[in-house]
Amino acid sequence: MITPKLQTLYGLKFHPFRPDIPIDAVHITPAIDTFVRRVEYAISDGGFAMITGDPGTGKSIALRLLANRLRMLPDLVVGTIEHPQSRTSDFYRELGDLFGVPLAMHNRFAGFQALRMRWSEHIATTLRRPVLIVDEAQETLTQVLIELRVLASKDLDSRQLLCVVLAGDQRLTERLRGPDLLPLGSRIRRRLQVEAASRDELCACLDHVLEAAGNPSLMTSELRVTLAEHALGNYRILMNMADELLQTAVERELPRMDEKLFLDVFQQPPRAAKAAASTRKR
């Protein structure tokens, strides 16, 4: 949420460095755009897709963009699992809530049939597979992932009733190589591996979000490069540092953010550095 002082000082439409920026202000890389379009095409036949990468490299942004794009399609049901650590019974309960299917927990097979019937009806009506998004999927129990694989397939695995998007860190990739989950791993048809961003990619992200927020000159070009070089290829670190600089700039009522502000906020004062070095020697 943007504060009146932030808006008055810099004329911003929204806070440019917070995770909840408007979806149309999000910087889209070519790799993410291609993946989103591939998944969008896949809802006619369903199947599994996966996004993996280290924290802060763009998984959450990719999921936001994907969910937003899919929800713009008429009559398409898109569900998001909010608690990936659930046991199988709770997982079924959450699926029932997402897809509007009342389930009796004492009869899982009836729930299995009811969900598949609902998805089949959706396909017959819209010619599209319902979509299920599972974030932090590396935390999902093995039995739940196995259940999801069986639940989503029909006619001896020749038809898919769902389009499932799994997102997680590198642990998810490793788990899908194990013997219990290899049958699921082999069914991943569309993959996006997000990597550490280059300096130019991080600078492009800052350029885009500042332009979208309404003040492209809020930050000097030198500061943008400095932030990009200190962000370790990580978008989240980049935005956290920029957020801290902006808070300080507001407190000081600075007209613009520059490298001097960066040095004031992030560089250790000489006396403090000397004291820290002396402490380490002891």
Side-chain angles (χ1 to χ4, degrees), residues 19-21 23-73 76-86 91 94-95 98 128-142 144-146 148-149 152 160 162-178 181-198 201-202 204-205 208 231-239:
D20 60 349
I21 64 172
I23 192 66
D24 56 358
V26 168
H27 176 62
I28 307 174
T29 66
I32 289 177
D33 182 59
T34 298
F35 176 78
V36 169
R37 286 189 285 106
R38 290 176 65 205
V39 174
E40 187 176 356
Y41 297 151
I43 59 175
S44 60
D45 56 2
F48 287 83
M50 184 171 72
I51 305 173
T52 52
D54 292 330
T57 52
K59 296 191 305 298
S60 297
I61 288 295
L63 283 182
R64 280 190 66 194
L65 290 166
L66 176 63
N68 181 72
R69 184 84 61 87
L70 294 177
R71 288 183 175 124
M72 292 175 64
L73 298 175
L76 180 66
V77 177
V78 180
T80 301
I81 293 293
E82 299 289 347
H83 191 252
Q85 303 93 335
S86 295
F91 174 71
E94 189 167 3
L95 287 180
L98 289 173
R128 293 169 173 154
R129 268 60 180 172
V131 179
L132 181 67
I133 296 174
V134 185
D135 195 9
E136 302 297 342
Q138 76 278 353
E139 305 292 346
T140 307
L141 298 179
T142 296
V144 169
L145 289 172
I146 294 173
L148 179 58
R149 173 180 62 81
Q160 295 296 314
L162 273 181
C163 180
V164 181
V165 182
L166 305 174
D169 59 29
Q170 301 302 338
R171 289 173 292 174
L172 176 61
T173 304
E174 293 301 318
R175 289 187 62 196
L176 293 180
R177 291 173 181 158
L181 292 178
L182 187 58
L184 173 58
S186 67
R187 286 167 171 78
I188 305 295
R189 300 175 58 188
R190 295 159 184 88
R191 297 172 184 260
L192 172 64
Q193 171 69 46
V194 289
E195 306 283 355
S198 68
E201 289 171 331
L202 294 173
C205 179
H208 178 85
L232 305 176
N234 191 293
Y235 289 102
R236 186 173 298 154
I237 293 174
L238 177 75
M239 292 302 170

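Note that the structure is predicted; figures quoted are calculated from it, not measured.
Leu162 is not listed as a side-chain neighbour of Arg129, based on a closest heavy-atom distance of 4.5 Å or more. Using a 4.5 Å cut-off on side-chain heavy atoms (C-beta onward), Asp33 and Val36 make no contact. Contact annotation: the side chain of Phe35 never approaches that of Val194 to less than 4.5 Å [non-hydrogen atoms, C-beta and beyond]. Counting only heavy atoms from C-beta outward, the side chains of Asp45 and Arg189 approach each other to under 4.5 Å. Side-chain atoms of Glu195 and Thr57, non-hydrogen and from C-beta on, never get closer than 4.5 Å to each other. The side-chain heavy atoms of Thr140 and Leu148, taken from C-beta on, include no pair separated by under 4.5 Å. Side-chain contact between Leu95 and Ile81: present, with at least one pair of heavy atoms (C-beta onward) separated by less than 4.5 Å. Residues Gln138 and Gln170 form no side-chain contact, since every pair of their non-hydrogen atoms from C-beta on lies 4.5 Å or further apart.
Separation of atoms CG (Leu181) and CZ (Arg187) is listed at 11.5 Å; rounding is to 0.5 Å. Considering CD1 of Ile43 and CZ of Arg128, their distance stands at 5.0 Å, rounded to 0.5 Å. Note: Glu139 CD to Asp169 CG = 7.5 Å, rounded to the nearest 0.5 Å. To the nearest 0.5 Å, atoms CD1 (Ile28) and OG1 (Thr34) are separated by 11.0 Å. With rounding to the nearest 0.5 angstrom, the CG atom of Asp24 is 10.5 Å from the CG atom of Leu65. Atom CD1 of Ile133 sits about 4.5 Å away from atom OG1 of Thr80, to the nearest 0.5 Å.
Looking at every heavy atom in both residues, Val134 comes nearest to Ala137 through O-CB, 3.8 Å. Shown here for Arg236 and Pro55, the closest heavy-atom pair between the two residues is NH1-CB, 3.8 Å. When all heavy atoms of Met50 and Leu172 are compared, the pair lying nearest together is SD-CD2, 3.7 Å. Closest of all the heavy-atom pairs between Met239 and Cys205 is CE-SG, 3.4 Å. A pairwise comparison of heavy atoms in Val39 and Ala49 identifies CG2-CB, 4.1 Å as the closest pair. Closest approach of Glu40 to Leu73, counting heavy atoms only: OE2-CD2, 3.8 Å.
Residues Thr142 and Arg175 bring a donor and an acceptor atom of their side chains to less than 3.5 Å of each other.
The existence of a salt bridge linking Arg64 and Asp135 is excluded, since no basic side-chain nitrogen approaches an acidic carboxylate oxygen closer than 4.0 Å.
Screening Gln193, Arg191, Arg171 for a side chain to side chain contact (heavy atoms under 4.5 Å, CB included) with Thr52, the sole residue that qualifies is Gln193.
Under the 3.5 Å distance criterion, the side-chain polar atoms of Arg149 are left unmatched by any main-chain donor or acceptor of Leu145. Distance alone, capped at 3.5 Å, places no donor-acceptor pair between the Arg38 side chain and the Arg190 backbone.
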### Candidate pair Ile146 and Leu184, rule side chain to side chain contact (heavy atoms under 4.5 Å, CB included), full reasoning
CA-CA 7 Å; Ile146 294 173; Leu184 173 58; over 6 Å; no
